[in-house]
Structure formats: structure tokens, C-alpha cells
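What's counted below: heavy atoms across the whole structure, side chains too, no hydrogens, waters or symmetry copies.
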Amino acid sequence: MIHSLFLVNSSGDIFLEKHWKSVVSRSVCDYFFEAQERASEPENVPPVIPTPHHYLISVLRHRIYFVAVIQSEVPPLFVIEFLHRVVDTFQDYFGVCTEAAIKDNVVVVYELLEEMLDNGFPLATESNILKELIKPPTILRTVVNTITGSTNVGEQLPTGQLSVVPWRRTGVKYTNNEAYFDVVEEIDGTYTFDPVTKLLTWDVGKINPQKLPSLKGSMSLQAGASKPDENPTINIQFKIQQSALSGLKVNRLDMYGEKYKPFKGIKYMTKAGKFQVRT
């Protein structure tokens with residue numbers, strides 16, 4: 001499925017590559033660079049780029065493009081989800097997913113990629129399983145590996161592979177038997193912005209007046225942009241906790257495969273789709 005993976009920084013340089021089935025030349029990324037030049041914003045690069053002999057599927061996370069090279073047709077969302085898993089794994093192991101962190105832990109990165117894909121097909125993508133296969137890097141472990149020549153690879157198979165739930169280790173016991181599930185809705189409401197009063201109004205429809213939710217917003221400048229003197233372009237996202245504006249409610253929640261009777265709870269959240277405000 002996935003033949004190769006290329007990591008491209010914000011400067012357009014390939015700083016890491018990994019091949020599983022066969023070595024694919026870096027020149028295949030020229031099609032990606034052409035699409036990157038045509039895009040008005042870094043996040044507007046098409047996620048799927050067809051080439052004469054391959055398909056390039058990419059995601060942008062932390063100012064790094066993760067470009068997967070596919071030779072045959074596969075569901076694009078399947079590959080995109082795997083690329084996001086790779087980023088989340090790097091962030092879980094190294095604290096941050098940056099070019100510097102990846103270069104500093106390049107040995108662990110290659111070990112993780114080797115375990116996450118088997119002959120190009122996803123194998124182990126859960127954090128609990130990976131941490132038993134590949135120990136997370138620490139200063140002490142790095143020093144010991146340098147002196148003894150050992151690696152971070154574990155000597156035993158992960159116990160999570162023997163569990164009914166792959167992300168849960170076997171034999172785990174909790175003092176509180178609780179299970180929470182999140183219902184997240186993303187809506188594209190209408191909004192208006194008054195440049196005189198600087199007031200942004202987001203119309204989400206009807207809200208239950210008996211239990212008004214708290215509305216939280218965050219503003220951030222575009223990644224890599226310098227601090228503007230005036231009229232910045234602002235990326236805005238809103239979240240309404242404990243509210244489902246569509247009226248969707250969970251009527252019944254059943255859990256199977258567990259002998260105990262846990263407390264079951266549902267959390268609702270509504271968030272806005274991504275949009276920009278040009279002041």
C-alpha cells in the first residue's frame with residue numbers, strides 16, 4: 001500500500017525519508033512542490049496529488065508535510081488517518097513534533113515507522129503497544145544505549161496484542177469503573193463581522209435558555225506569519241461545551257465484554273468549522 005514516506009519542512013526541503021517496499025526517487029516529490037507553489041496558503045495544498053505512476057497523499061502538521069507515496073488506488077482517508085497517527089505518535093514520544101525533535105531522535109523515528117507499517121500496511125498504531133515495542137527516549141536511556149550499544153527495542157511482545165481492546169493493556173484495574181464518551185458536532189454557522197465596532201457575531205441557531213452553555217473562542221495568527229502592524233488575517237474557532245445544537249441525544253449506551261457495571265456518561269460539545277476573518 002504505502003511505498004515511501006517523505007517529510008518536507010516549511011522551506012521545501014526533504015529532511016527524512018522512509019521506504020518499505022521499494023526505493024522511490026525523491027524526484028516524485030516534484031509534483032508535490034508544483035502543487036505547493038500553486039497553493040495560496042500552506043494548508044491549501046491538495047491532499048491527494050496524482051502522478052503518472054504514483055499517488056501522493058499528504059497532511060500538514062506542525063509546519064511539516066508528511067507525504068506518502070502510493071502506487072495503487074487506496075481509500076485516501078485511510079492513508080490520511082495513518083499519517084495523523086504517525087504525527088500523534090511522534091508528539092507522544094518526543095513531546096513535540098518538530099523538525100529538530102525528529103532529527104534528534106532519528107533512530108527512534110525509524111524504529112517506530114518500521115513497527116507501524118509491515119510491508120507497507122499498517123500494523124501497530126496504538127501508543128500502548130508501540131511503547132512496549134519501542135521504549136520512549138530518555139536522557140538516561142540514551143546514555144546507556146550509547147555506552148552499551150543497545151537499542152530502545154523491547155525484548156517481549158506487547159501485552160496489548162492479547163487484549164480484546166487493542167489500545168488497552170491486559171490486566172488493567174481501575175479504582176473507579178467509569179466510561180465517558182464524547183459526542184462532538186462541527187457546524188458551519190453564519191457569522192457577521194462589524195469592522196467599526198470590531199464585533200463578531202456567530203449565529204448558531206436556537207440554544208436552550210434553561211441551560212446556557214459557555215462560549216469560548218480562540219484567535220491565532222497564521223503559522224509563520226510575522227506580527228502585523230494592522231489589519232491581520234485571523235483564524236477563528238469556537239466551541240460550546242456540553243451542548244449539541246442539532247438536538248442529537250444518546251438514548252441508550254451499552255458496553256459489552258466487561259464483567260463489572262461501570263458508570264456511563266456522555267459529554268456533548270459543538271464546535272465551529274474553520275474560517276478566517278480579514279479585519
Worksheet, complete the sentence: CG of L130 to OG1 of T89, rounded to nearest 0.5 Å, is 5.5 Å

Worksheet item: Should L56 and V69 count as side-chain neighbours, where that means a heavy-atom distance under 4.5 Å?
Response: yes

Worksheet entry | S25: partners by side chain to side chain donor-acceptor pair (under 3.5 Å), with sequence neighbours left out | S27

Item to complete: Quick one: list whatever passes side chain to side chain donor-acceptor pair (under 3.5 Å) with D194, sequence neighbours left out.
Response: T197

Discussion item. Testing the basics here: between E115 and L123, what is the closest heavy-atom pair and its distance to 0.1 Å?
Written reply: O-CB, 3.7 Å

Practice prompt. Find the distance between CG (L117) and OG1 (T125) and round it off to the nearest 0.5 Å.
Written response: 9.5 Å

Practice prompt. Measure the spacing between CD of Q36 and CG of L60 and express it to the nearest 0.5 Å.
Written response: 9.0 Å

Fill in: Whether over 12 other heavy atoms sit under 6.0 Å from F78 CZ
no

Worksheet item: Could you give all pairs that pass the salt bridge (charged side-chain N to carboxylate O under 4.0 Å, His left out) test and reach residues 31-40, with sequence neighbours left out?
Response: none

Practice prompt. Mind listing the closest non-hydrogen atom pair of P46 and A35 along with its distance?
Written response: CD-CB, 4.2 Å

Worksheet entry | side chain to side chain contact (heavy atoms under 4.5 Å, CB included) partners for V87, two or more places apart | R61, H62, F66, C97

Discussion item. Hydrophobic cluster membership, with links at side-chain heavy-atom distances under 4.5 Å among I/L/V/M/F/W/Y: are V107 and F94 in one?
Written reply: yes

Discussion item. Considering only residues two or more places apart or on different chains, which pairs with a residue in residues 19-29 satisfy salt bridge (charged side-chain N to carboxylate O under 4.0 Å, His left out)?
Written reply: E17-R26

Discussion item. Would you compute the distance between atom CG of L83 and atom CG of L5 and round it to the nearest 0.5 angstrom?
Written reply: 6.5 Å

Practice prompt. Name all residues meeting the side chain to side chain contact (heavy atoms under 4.5 Å, CB included) criterion together with N44; count only those two or more places apart in sequence or in a different chain, and write none if there are none.
Written response: A39, S40, E41

Worksheet entry | Residue pairs passing the ring pair (Phe, Tyr, Trp, His ring centres under 6.0 Å) test where at least one lies in residues 17-58, sequence neighbours excluded | F6-H19, F32-Y65

Discussion item. Going by side chain to side chain donor-acceptor pair (under 3.5 Å), name the residues that satisfy it together with E99, two or more places apart in sequence or in a different chain.
Written reply: N9, K103

Practice prompt. To the nearest 0.5 Å, tell me how far I70 CD1 sits from H3 NE2.
Written response: 7.5 Å

Response to the item:
Interatomic distance, CG@D104 vs OG1@T98, rounded to 0.5 Å, equals 8.0 Å

Discussion item. Please determine whether residues L113 and I14 belong to a single hydrophobic cluster, defined as Ile, Leu, Val, Met, Phe, Trp and Tyr linked transitively by side-chain heavy-atom distances below 4.5 Å.
Written reply: no

Worksheet item: Is V96 isolated, or which residues cluster with it under the ILVMFWY side-chain rule of less than 4.5 Å, directly or via members?
Response: none

Practice prompt. Treating Ile, Leu, Val, Met, Phe, Trp and Tyr as nodes and any side-chain heavy-atom pair under 4.5 angstrom as an edge, say whether L7 and F82 lie in one connected cluster.
Written response: yes

Worksheet item: Got a sec, which residues hit side chain to side chain donor-acceptor pair (under 3.5 Å) with D92, two or more places apart in sequence or on another chain?
Response: S127, K131

Worksheet, complete the sentence: In short, salt bridge (charged side-chain N to carboxylate O under 4.0 Å, His left out) pairs touching residues 73-84 with sequence neighbours left out are E81-R85

Discussion item. Checking the side chain of Y93 only, and the main-chain atoms of I134 only, is there a donor and an acceptor separated by less than 3.5 Å?
Written reply: yes

Worksheet entry | I80 and I57: CA distance, side-chain angles, deciding distance, side chain to side chain contact (heavy atoms under 4.5 Å, CB included) verdict | CA-CA 7 Å; I80 290 175; I57 302 179; 3.6 Å; yes

Fill in: Steps toward side chain to side chain contact (heavy atoms under 4.5 Å, CB included) verdict (F90, N105)
CA-CA 10 Å; F90 289 171; N105 301 276; over 6 Å; no

Worksheet item: Do I49 and L77 belong together in a cluster built from hydrophobic side chains that touch within less than 4.5 Å?
Response: no

